[in-house]
Trainee: 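Take this structure, written in structure tokens, and hold onto it; I'll ask about it next.
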Amino acid sequence: MAAENDFVKDITKKSVDFSAWYVDVVKKAELADYSPMKGMMVIRPYGYEIWELIRDQLDRMFKESGHRNAYFPLFIPESFLQKEAEHVEGFAPEVAWVTVGGGEVLEERLAVRPTSEAIICSMYSKWVKSWRDLPILYNQWANVVRWEKVTRLFLRTTEFLWQEGHTVHATAEEAEEETLRMLATYRTLAEDYLAIPVVTGRKSDSEKFAGAVRTYAIEMLMPDGKALQAGTSHNLGQNFAKAFNIRYESKEQKLEYAWQTSWGATTRLVGALVMTHGDDSGLILPPRVAPIQAVIVPISAGNWKETVLPQAQKVFSDLKAAGIRVFLDDRDAYTPGWKYADWEMRGVPVRVEIGPKDIDKQQAVLVSRLDRKKSFVPWDKLAEELKRLLEKIQGDLYAKALAFRDASTHELGTFAELKEAMAGGRGFIRCGWCGGADCEAKVKSEAAATIRVILDKPEPAAKACAVCGKDAPHTVLFAKSY
RNA sequence: CGGGGCGUAGCGCAGCCUGGUUAGCGUACACGCUUGGGGUGCGUGUGGUCGGUGGUUCGAAUCCACUCGCCCCGACCA
């Protein structure tokens, strides 16, 4: 595989071993590393900067829709967790417990939060009295712990970072509206910022959040044909309100249980970025979430520090002033070629080369990370052209991911076809479902696939259940999931 | 947690089957010169209690037992 443009040499080829490639990219691009504790990772600055860009964008969108940030405790008393029956049953197997504090055995053990419904709802029951208190639209940025048996960098770790929104409403309609609004927010983040197309829809009962009435999700399709759940939005109905006694007095002077939602997205999104856009040379970051959007590589020839470097520095400050996240790689120890490979591995969308020839011509060379295509741009047009190129890359990445997703989504009618697809190239299988848990379970046990989403208003709608052949009120997407 | 694979220098590996000098190679790192528009070249160096514990043996990276970690395939999950 020593192809002509095979410049990055210490990464397993994506096509050869996808899992090894993924780990290589995460580690070589210095996004994260394994820690001494099993299943727990260290997010390194470059990885964290990506998360910060995602986080900041989500935070802006949350605030635009009226949400406020708050912070609730890390520990949850066991009795609180047990108030909602389905909830505790769903999370109990993966909870870490604190049993000793300050050298004393605790009277009641404390759960390290796997999610915060219990602790937040206990506070909401104190704060909600009247219809005038509603809605409550809070979000928190936090870490949670889930004792997973199998972990993978970013995709599933024992501790992870996320946001969890928790809202309280006066009516069922408002809660459903909120649930769908936040689902749409996640879609916007994924498609417009991460450049990853998603399908949205409802989860089947077996896949829904423990304690929710309805769970919606955004699902992405990864290059290995497996689906990644990248954000969830739950309509909790009155389940938690009843368990935690969250009641308000209505305008009609009646005591009513409130209606709630919760929704979350995690650092898993960073893993989704890596898998979706990366290639054999490493990471490719969509410009909108790239900590470094353009890297300037001065060509270090001869007395370059006197000739080339000053111009590179000027370009750097011009681009920075134009609002571009730019980095000047003036390291003396490395040759230009080495730097090219290094920054490609780290996924920087555009490289700006400035050398002696460019000084003469008053230009710079822009090179796209996507296709290594070069363009020669006069200094006075540089910021403008670079912005245009960044937007183009953002769009191209999305288009590429969308084309893959569409090509990997198959309309299939029978169980045999479904099984065959799962054994082969996988992907999304679009088919009918009667709604029966038996049929769903059969697909899971025999084809290792689950219903990722029940599609909202499928066009065309499937006629018959792919498993049992009976009438299919639902059209669903089956896939093998992460 | 079941099945499989792998742990030897920061990273990638050889050595192990068949126990025996001072444990090698590539790369990275440090220094010098050289070079510089796709991982420059040459030289000199630094760096390893061979994942851990215990055992067998005169002697263990090598054989045995246990254990920890990582990866893949299943069951559980964001």
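In what follows, every chain begins at residue 1, and chains take the letters A, B, ... in the order their sequences are listed.
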Trainee: I'd like to know if A/D358 reaches the base of B/G37 with its side chain, counting only an N/O donor and acceptor under 3.5 Å.
Mentor: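 Answer yes: a donor N or O sits under 3.5 Å from an acceptor.
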Trainee: Any idea which of B/G38, B/C73, B/C70 is nearest the A/K226 side chain?
Mentor: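 So the side chain of A/K226 is nearest to B/C73.
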Trainee: If we take the C1' atom in both B/C13 and B/U34, what is their distance in whole Å?
Mentor: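 Looking at atom C1' only, B/C13 and B/U34 are 30 Å apart.
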Trainee: Which part of the nucleic acid does A/P356 contact within heavy-atom distance under 4.0 Å: base, sugar-phosphate only, or nothing?
Mentor: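 A/P356: base contact, heavy atoms under 4.0 Å.
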Trainee: Both distances below 3.5 Å, Watson-Crick or wobble geometry, any strand: find the nucleotide opposite B/U27.
Mentor: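 The answer is B/G10, by the H-bond criterion.
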Trainee: Kindly assign one of parallel, tilted or perpendicular to the pair A/W162 and A/F160, based on the angle between their ring planes and the thresholds 30° and 60°.
Mentor: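 Ring orientation of A/W162 relative to A/F160: perpendicular.
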Trainee: Rounded to whole angstrom, note down the P distance from B/G43 over to B/C64.
Mentor: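 My reading of the P atoms in B/G43 and B/C64 gives 42 Å.
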Trainee: So what does A/V297 touch, heavy atoms closer than 4.0 Å: a base, only the sugar-phosphate, or nothing?
Mentor: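 Touches nothing.
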Trainee: With distance as the sole criterion, do the side chain of A/R156 and the base of B/C77 form a donor-acceptor contact below 3.5 Å?
Mentor: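 By the distance-only test, yes, there is a pair.
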Trainee: B/C71, OP1 or OP2 - any side-chain N/O from A/S19 closer than 4.0 Å?
Mentor: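 Indeed not, no polar side-chain atom of A/S19 lies that close.
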Trainee: State the pairing partner of B/G48; accept Watson-Crick or G-U wobble contacts with both distances under 3.5 Å, and report none otherwise.
Mentor: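 Pairing partner: none.
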Trainee: With a non-hydrogen cut-off below 4.0 angstrom, is A/S445 in contact with a base, only sugar-phosphate, or nothing?
Mentor: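 The answer is nothing, as A/S445 stays clear of every strand by at least 4.0 Å.
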Trainee: Can you check the distance between B/U21 and B/C66, where both ends of the measurement are the C1' atom (answer in whole Å)?
Mentor: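 The same atom, C1', in both gives a distance of 32 Å.
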Trainee: Please report, rounded to the nearest Å, how far the P atom of B/G37 is from the CD atom of A/Q311.
Mentor: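 One finds 20 Å between P of B/G37 and CD of A/Q311, rounded.
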Trainee: How is A/T115 classified with respect to the nucleic acid when contacts are heavy atoms under 4.0 Å: base, sugar-phosphate, or nothing?
Mentor: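 Nothing, no heavy atom under 4.0 Å.
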Trainee: Only pairs with both distances under 3.5 Å count, Watson-Crick or wobble alike; so what is the partner of B/G38 in this structure?
Mentor: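 Per the H-bond distance test, none.
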Trainee: Taking the P atom of each, how far is B/G19 from B/C76, in whole Å?
Mentor: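 Approximately 47 Å lies between the P atom of B/G19 and that of B/C76.
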Trainee: Relative to each other, are the rings of A/W343 and A/F327 parallel, tilted or perpendicular (30° and 60° limits)?
Mentor: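 Rings of A/W343 and A/F327: tilted, as their planes differ by 30° to 60°.
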Trainee: Taking OP1 and OP2 of B/C71, is either one under 4.0 Å from a side-chain nitrogen or oxygen of A/Y34?
Mentor: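 Yes.
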Trainee: Under a 4.0 Å N-O cut-off, is there an ion pair linking A/D342 with A/R331?
Mentor: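 Result for this pair is yes, salt bridge flagged.
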Trainee: Could you state the CZ-P distance from A/R152 to B/C73, rounded to the nearest angstrom?
Mentor: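 Computing the A/R152:CZ to B/C73:P distance gives 7 Å.
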Trainee: Is there any protein nitrogen or oxygen under 3.5 Å from a nitrogen or oxygen in nucleotides 28-32 of chain B, and what are the pairs?
Mentor:
unit_1 : atom_1 : unit_2 : atom_2 : d
B/C29  : OP1    : A/Y334 : OH     : 3.0

Trainee: Mind checking A/E353 for me? I need base, sugar-phosphate or nothing, with any heavy atom below 4.0 Å counting as a touch.
Mentor: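 Base contact - A/E353 has a heavy atom under 4.0 Å of at least one base atom.
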Trainee: Parallel, tilted or perpendicular for A/H67 and A/F62, by the 30°/60° rule?
Mentor: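 Plane angle over 60°, so perpendicular.
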Trainee: A/L153 and A/Y22: which non-hydrogen atoms are nearest, and at how many Å?
Mentor: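 Taking A/L153 first and A/Y22 second, the nearest heavy atoms are O-OH, 2.7 Å.
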Trainee: Please state how far atom CD1 in A/I11 lies from atom P in B/U27, giving the value in whole angstrom units.
Mentor: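 For the pair A/I11 CD1 and B/U27 P, the rounded distance is 19 Å.
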Trainee: B/G48 and B/G26: how far apart are their C1' atoms, nearest whole angstrom?
Mentor: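 The same atom, C1', in both gives a distance of 16 Å.
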Trainee: In whole Å, I'd like the distance from the CG atom of A/N303 to the C1' atom of B/G36.
Mentor: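 To the nearest whole Å, that distance equals 12 Å.
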Trainee: Could you state the atom-to-atom distance from CD1 of A/I354 to C1' of B/G36 in whole Å?
Mentor: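 Atom CD1 in A/I354 sits about 16 Å away from atom C1' in B/G36.
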Trainee: Any strand is fair game: report the nucleotide pairing with B/C16 by Watson-Crick or G-U wobble, both distances under 3.5 Å, or none.
Mentor: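 The base-pairing partner of B/C16, which may sit in any strand shown, does not exist here.
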Trainee: Rounded to whole angstrom, note down the P distance from B/A14 over to B/G51.
Mentor: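 13 Å, rounded to whole Å.
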Trainee: Would you indicate what A/V150 reaches in the nucleic acid, counting non-hydrogen atoms under 4.0 angstrom: base, sugar-phosphate, or nothing?
Mentor: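 A/V150: base contact, heavy atoms under 4.0 Å.
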Trainee: Mind checking whether A/F80 and A/F75 have ring centres under 6.0 Å apart?
Mentor: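 No, they do not, as the ring centres are separated by 6.0 Å or more.
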Trainee: Applying side chain to side chain donor-acceptor pair (under 3.5 Å), name anything that partners A/Q363, two or more places apart in sequence or on another chain.
Mentor: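 By the side chain to side chain donor-acceptor pair (under 3.5 Å) rule, A/Q363 matches A/D358.
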Trainee: Check this for me: does any side-chain nitrogen of one of A/E94 and A/K149 sit under 4.0 Å from a carboxylate oxygen of the other?
Mentor: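 Here A/E94 does not pair with A/K149 in a salt bridge, since their nearest N and O are not under 4.0 Å apart.
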Trainee: A/D24 CG to B/C72 P: how many Å, rounded?
Mentor: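 It works out to 11 Å between those atoms.
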Trainee: Using the C1' atom as the reference point in each nucleotide, state the distance between B/C77 and B/G54 in Å, no decimals.
Mentor: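 These two C1' atoms come out 37 Å apart once rounded.
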Trainee: A side-chain contact here means heavy atoms from C-beta on lying under 4.5 Å apart; do A/V367 and A/V350 qualify?
Mentor: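 The answer is no; the side chains never approach within 4.5 Å.
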Trainee: Looking at B/G38, B/G74, B/C77, which one has an atom nearest to any side-chain atom of A/A341?
Mentor: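 Between B/G38, B/G74, B/C77, the one nearest the side chain of A/A341 would be B/G38.
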Trainee: Whole Å only: how far is the CG atom of A/D332 from the P atom of B/U35?
Mentor: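 In whole Å, B/U35 P lies 14 Å from A/D332 CG.
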Trainee: Hey, which of these two, A/K339 or A/A448, hits RNA chain B nearer its 5' end, going by closest nucleotide?
Mentor: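 Counting from the 5' end, the first nearest nucleotide belongs to A/K339.
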Trainee: For B/C76 and A/K444 - does any side-chain N or O of the residue sit under 4.0 Å from the phosphate oxygens OP1/OP2?
Mentor: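 The answer is yes; a side-chain N or O of A/K444 sits under 4.0 Å from OP1 or OP2.
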Trainee: Write down the distance between OH (A/Y22) and C1' (B/C72), rounded to a whole number of angstrom.
Mentor: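 Between C1' of B/C72 and OH of A/Y22: 16 Å.
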Trainee: Do A/R351 and B/G38 share a donor-acceptor pair, side chain to base, under 3.5 Å?
Mentor: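 It does, because a donor-acceptor pair links the side chain of A/R351 to the base of B/G38 below 3.5 Å.
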Trainee: NA contact type, A/L228, heavy-atom cut-off 4.0 Å: base, sugar-phosphate, or nothing?
Mentor: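 No contact.
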Trainee: With no hydrogens and no angle check, do the side chains of A/W263 and A/T261 hold a donor and an acceptor under 3.5 Å apart?
Mentor: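 Judged by distance alone, the side chains do pair up.
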Trainee: Between B/C11 and B/G52, how far apart are the two P atoms, rounded to whole Å?
Mentor: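 About 14 Å, rounded to a whole number of Å.
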Trainee: Partner lookup for B/G2, please. Criteria are Watson-Crick or G-U wobble with both distances under 3.5 angstrom; report none if nothing qualifies.
Mentor: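 B/G2 is paired with B/C73.
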